[in-house]
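Values reported hereafter were calculated over all heavy atoms of this structure, with side chains retained and with hydrogens, waters and symmetry mates removed.
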2 protein chains.
Amino acid sequence: MNIGDVATLSGLPAKTIRYYEDIGLVRPPRGPNGYRRFRESDLHKLNFLGRARSLGFSIEECRGLLALYEDEGRASADVKRIARDHLREIDRKIDELAEMRRTLGELVEACSGDHRPNCPILTDLARMPKPRC
Amino acid sequence: MNIGDVATLSGLPAKTIRYYEDIGLVRPPRGPNGYRRFRESDLHKLNFLGRARSLGFSIEECRGLLALYEDEGRASADVKRIARDHLREIDRKIDELAEMRRTLGELVEACSGDHRPNCPILTDLARMPKPRC
DNA sequence: ATGGGCGTTCCAGCAACTGGAAGGTCAAGC
DNA sequence: GCTTGACCTTCCAGTTGCTGGAACGCCCAT
């Protein structure tokens, strides 16, 4: 399979697949014309990467997961630890965004949104920062 | 005030403040020794930027908000529109993260996390992608 | 005059791609 | 057999928002 084929099948852009090769996540052999020739196993890895990335795992986490995926002697505990750490990170981000959402939601509510200059959003933004706790 | 002073007062690193000058968000004048001399108004802008960034506004959104902040003839509707757009973006991100959290949470629950190689997390990751809808 | 603690500039790098230029290859149609 | 167009290749630059470091200048106290 050429890169275009695996791009279609995996849903990843060809550019991204080349990038993944660059950083050593996949290593497709080359044909005599210099084209990358992807095997089924390469396609599996690309699917794996696409899915892992879509769940928010970083490239380095993906590298670790991929190594475990390929390691028949792995312990599922190792996989679970990576996933649980990532889950905590997701929770942290959700909390952070929820806090922004709360604050900003209040401000938007309070703003009349008319032709006049007076605006509680700007008033809030111009606040002094709390001296660090 | 020197950069160290406004860094302390605004809570922003000096590096960041120099960067903000680089991209034209603040324009402190220079003293005869070449040092940046920050006025009260510069400090206000830096506070504004720090707060806006902490609410997740992009640099370009901050530039727009700052322009409105400085424009006595602004319409609060313009401010509100920027804020509302950003709010929608936050909601989108929260939804995205929540969906990740849901999926990953289930997988982590389902994984025994022991010394055996069998792992539902890896099984899920290795899934074929849905052909694009 | 010397030391430390400021300040300055510029250059490089992070993540994870994405775009574009310049060129090589392949299969189909005439 | 030649052209056309779709594919493939590499490499370089840019994105966002900083952050680190090198190498240097300035200022104040001892």
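- Between A/R30 and A/E21, at least one side-chain nitrogen of the basic residue sits less than 4.0 Å from a carboxylate oxygen of the acidic one, meeting the salt-bridge criterion.
- The environment of CZ in A/R37 is sparse: at most 12 heavy-atom neighbours from other residues, nucleotides or ligands sit within 6.0 Å.
- If you measure from atom CD1 of B/I17 to atom C1' of C/dC6, you get 14 Å, rounded to the nearest angstrom.
- Donor-acceptor pairing under 3.5 Å, judged by distance alone, is absent between the side chain of B/Y20 and the base of D/dG17.
- Side-chain nitrogen and oxygen atoms of A/N33 include none within less than 4.0 Å of the OP1 or OP2 phosphate oxygen of D/dT9.
- The separation between A/M1 atom CE and D/dC7 atom P is 17 Å, rounded to whole Å.
- A/K93 and A/E96 are not joined by a salt bridge, as no carboxylate oxygen comes within less than 4.0 angstrom of a charged side-chain nitrogen.
- Below the 3.5 angstrom threshold, one finds no donor paired with an acceptor across the side chain of B/K15 and the base of D/dG17.
- Here B/I23 lies out of heavy-atom contact (under 4.0 Å) with every strand.
- The interatomic distance linking B/E61 (CD) with D/dT16 (P) rounds to 12 Å, in whole Å.
- A sub-4.0 Å separation between OP1 or OP2 of C/dT18 and a side-chain N or O of A/R18 is absent.
- Nucleotide C/dG5 holds its P atom 19 Å from the CD1 atom of B/I3, rounded to whole Å.
- Proximity of A/R30 to the phosphate of C/dT25: no side-chain N or O atom is located under 4.0 Å from OP1 or OP2.
- A distance-only check finds a donor-acceptor pair linking the side chain of A/R74 to the backbone of A/L68 [under 3.5 Å].
- With C/dA16, D/dT9, D/dG17 as the choices, the nucleotide that has an atom nearest any side-chain atom of A/R36 turns out to be D/dT9.
- As a whole-Å value, the separation of B/E60 CD from D/dC18 C1' is 14 Å.
- Straight-line distance from the CD atom of A/E21 to the P atom of C/dT18: 17 Å, rounded to whole Å.
- Each of B/Y35 and B/I59 lies near DNA chain D, and the nucleotide nearest B/I59 is the one positioned closer to the 5' end.
- Closest contact between the side chain of B/P13 and the listed nucleotides D/dT19, C/dT18, D/dC8 involves D/dT19.
- Summarising the geometry, the separation between CG on B/L25 and C1' on D/dG17 is reported as 11 Å, rounded to the nearest angstrom.
- Summarising the local packing, CZ of A/R116 is surrounded by 12 or fewer heavy atoms from other residues, nucleotides or ligands at distances under 6.0 Å.
- Regarding A/Y19, its OH atom lies at a distance of 13 Å from the C1' atom of D/dT15, rounded to whole Å.
- Proximity of A/T16 to the phosphate of C/dT18: a side-chain N or O atom is located under 4.0 Å from OP1 or OP2.
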